[in-house]
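Structure record follows, encoded as structure tokens.
Side chains included, hydrogens not; waters and symmetry mates left out as well; all remaining heavy atoms used.
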Amino acid sequence: MDFWTNALRGRGIPSLAPMPADDEAPVGELLALCPAHGATPMLDLPDLARDCGVGALSLKDERGRMGLGSFKALGAAYAIAREAALARGGDGDWADVLSDRAFVTASAGNHGLSVAAGARLFGARAIVYLSASVPHGFEDRLRAKGAEVRRTGETYEDSMAAAERAADAEGATLLSDSSWPGYTEMPHAVMEGYLQMAAEMAAQMRQAPTHILLQAGVGGMAAAVAAHARKVWGDAPTIVVVEPQAAPALIDSARAGGIVTTEGPVSSMGRLDCKTPSMIALAGLARDADTFVTIDEADAADAVRRLARMGIGTTPSGAAGLAALIHGLPDMPSDARVLAILSEGPEVG
């Protein structure tokens, strides 16, 4: 486990902009119009808390989010819904308001499902690029949601480059959950959608957490939750960002004070296996996170097995935040109240 105390906490990286949003109100207003929307549960895990030597452990369970199986349902679908609201202008039928639009993205699975679901809801096309490492079960689920699926390359970065080329060539809207210089508007909206989950967490906690564990790939979910946590709870909670050792994009970038592209093998934590961080996410986490850590493949697999014995099915990506706690985060007090996220359900196929 690589462990780094964030030397940028509170000031961030001034050269990076924009910062993540922290106001959940616009998200809640738009999601209230969706019949599939509803708060996901918070699980109390006293036995696992005791095993980990902490006072309490709360787990936000995103496996049932809007029928799509992960928190990602809140991101791209919200960004597309926002585009639909602008196009509709208060009148007309929601079902075909974006019939002249196509959204293209790269995905390790869950983000693509959100793009596909959002596009279908408003009559748009969805084109999703997958790398060779994405399970075929995700491909089947994407097609079932009406997406056109294109396989290309060995890594997420390969599929992202192909999606960018397709957006330019085909006049489609690139809808990435990552951001980089010159591309911020759509990923900022995707991250804004995740604030709904953060707001639910704040409402469901009986007491403020002392520690928040946030697994991260490009970092969008982690940065959105961290920004909202600082708004609601201030400086008190210790926010820990957890990444695979094979993809330490955020820890390396925060240490360097700017965006760094890392190298490493393909990780079993497929939704977290991103070698370059989102610029917006890095900006927010450099300011808001207290600690960055990495976990290895065995740590993540063990966390999945531990949860399975409790009847909680997930993946190495979904269990990554808990894996850091289970496998020995330093300086955890015995009375810590830990908040973690079960970010997705088990893979299908």
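- Counting only distance, with no hydrogens or angles, the side chain of D273 and the backbone of S267 share a donor-acceptor pair below 3.5 Å.
- The main-chain N or O of M19 is found under 3.5 Å from a side-chain atom of H188 such that the two form a donor-acceptor pair.
- Although no hydrogens or angles enter the test, the distance criterion places a donor-acceptor pair under 3.5 Å between the side chain of D290 and the main chain of I239.
- Using a 4.5 Å heavy-atom threshold, the side chains of L322 and R306 count as separate.
- Between the side chains of T314 and R63, no donor-acceptor pair of N or O atoms lies under 3.5 Å.
- Side-chain atoms of D296 and Q245 form no donor-acceptor pair, as typed in the model, at a separation below 3.5 Å.
- A side-chain contact (heavy atoms from CB on, under 4.5 Å) with T276 is found for one member of V260, L250, T261 and no other, namely T261.
- Cluster annotation: L285 is not connected to V232 through the hydrophobic network of ILVMFWY side chains, with a link wherever side-chain heavy atoms come within less than 4.5 Å.
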Which pairs of donor and acceptor atoms, one on a side chain in residues 112-123, lie under 3.5 Å apart (sequence neighbours left out)?
| residue | atom | partner | partner atom | Å |
| --- | --- | --- | --- | --- |
| S114 | OG | K72 | O | 2.9 |
| S114 | OG | A73 | O | 3.4 |
| S114 | OG | A76 | N | 3.4 |
| S114 | OG | A77 | N | 2.9 |
| R120 | NH1 | A144 | O | 3.4 |

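- Under the 4.5 Å side-chain contact rule for hydrophobic residues, L43 and M205 do not share a cluster.
- No donor-acceptor distance shorter than 3.5 angstrom exists from the side chain of R65 to the backbone of F71, with no hydrogens or angles considered.
- Under a 3.5 Å cut-off, the side chain of Q215 and the backbone N or O of M269 do not form any donor-acceptor pair.
- At least one donor-acceptor pair under 3.5 Å links the side chain of T294 to the backbone N or O of D2.
- Residue H37 comes nearest to L31 through the heavy atom pair CB-O, 3.5 Å, listed as atom of the first residue, atom of the second, then distance.
- Crowding of Q204 atom CD: a count of heavy atoms from other residues, nucleotides or ligands under 6.0 Å exceeding 12.
- With hydrophobic clusters built from ILVMFWY side chains whose heavy atoms lie under 4.5 angstrom apart, L16 does not share a cluster with W180.
- Side-chain contact of S268 with E297: a donor-acceptor pair under 3.5 Å is present, judged by distance alone.
- Side chain of R230 to main chain of G234: a donor-acceptor pair is present (N/O by atom type, distance under 3.5 Å, no hydrogens or angles).
- Of the charged side-chain nitrogens involved, none lies within less than 4.0 Å of a carboxylate oxygen, so that D335 and R337 do not count as a salt-bridged pair.
- Sequence neighbours left out, the pairs with a member in residues 166-176 that pass salt bridge (Lys or Arg N to Asp or Glu O under 4.0 Å) are R150-E170.
- Atom CZ of R125 has 12 or fewer heavy atoms from other residues, nucleotides or ligands within 6.0 Å.
- Cluster membership for M310 and V338, using ILVMFWY side-chain heavy atoms within less than 4.5 angstrom, is shared.
- Formation of a donor-acceptor pair under 3.5 Å by the S317 side chain with backbone atoms of R271 is found in this model.
- Between the side chains of T184 and S179, no donor-acceptor pair is found at a separation under 3.5 Å.
- A continuous path of hydrophobic side-chain contacts links V97 to Y78 [ILVMFWY only; heavy atoms under 4.5 Å].
- H111 places a side-chain N or O within donor-acceptor distance of the main-chain N or O of L175, the cut-off being under 3.5 Å.
- There is a side-chain donor-acceptor pair under 3.5 Å between S131 and S133.
- With T315 contributing its side chain and G318 its backbone, the two residues share a donor-acceptor pair below 3.5 Å.
- T40 and K60 share a side-chain donor-acceptor pair at under 3.5 Å.
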